[in-house]
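Working notes, structure below.
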Amino acid sequence: MVSSRTNAIAFDIFGLIQAELRRTGVICPVYWIDRLRSSRWLRGALWAGAVVLILCSVWIWVKQGADLSDLAANFIAPAVLAILALWSKKR
């Protein structure tokens, strides 16, 4: 457990650091990268891209008439991306 005095000191120090980083412009690009990374639009676009890759892989596999083992190399990565995009939780 942290004492209230230690908590107040840490709050003041982090406030000073944040003000200094904002003044120098260092925190702004990092903030926007984090916002983009956790964006619903980006997750949706990645999910849609994974679905397109899955469908393209299946289409190519059907056109070639190959074995199921030939599909796995092109099918696994997009399927994993789709699963991660669907079940990822915002932290």
Side-chain angles (χ1 to χ4, degrees):
M1 192 113 205
V2 178
S3 72
S4 60
R5 182 176 180 225
T6 305
N7 192 19
I9 292 170
F11 182 78
D12 288 341
I13 295 296
F14 288 134
L16 290 172
I17 291 171
Q18 185 177 20
E20 183 65 26
L21 288 175
R22 284 191 193 275
R23 187 180 67 77
T24 59
V26 173
I27 204 167
C28 190
V30 175
Y31 173 75
W32 286 109
I33 289 170
D34 186 51
R35 290 282 304 236
L36 180 66
R37 187 183 58 86
S38 61
S39 166
R40 280 186 167 176
W41 292 100
L42 182 63
R43 270 192 292 172
L46 290 176
W47 181 82
V51 169
V52 167
L53 286 174
I54 290 169
L55 293 175
C56 287
S57 298
V58 171
W59 176 257
I60 291 170
W61 175 68
V62 167
K63 279 183 69 174
Q64 291 176 349
D67 293 335
L68 184 62
S69 62
D70 295 333
L71 177 64
N74 296 328
F75 188 71
I76 297 290
V80 169
L81 286 174
I83 290 170
L84 290 176
L86 284 174
W87 281 285
S88 67
K89 294 183 179 178
K90 192 173 183 180
R91 295 171 196 232

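- The shortest side-chain heavy-atom distance between Leu55 and Val51 falls under the 4.5 Å cut-off.
- Under the 4.5 Å side-chain heavy-atom criterion for Ile, Leu, Val, Met, Phe, Trp and Tyr, Ile60 and Val52 are members of distinct hydrophobic clusters.
- To the nearest 0.5 Å, atoms CH2 (Trp41) and CG (Leu46) are separated by 14.0 Å.
- For the pair Asn7 and Val2, the tightest heavy-atom approach, listed with the atom from each and the gap, is N-CG1, 3.8 Å.
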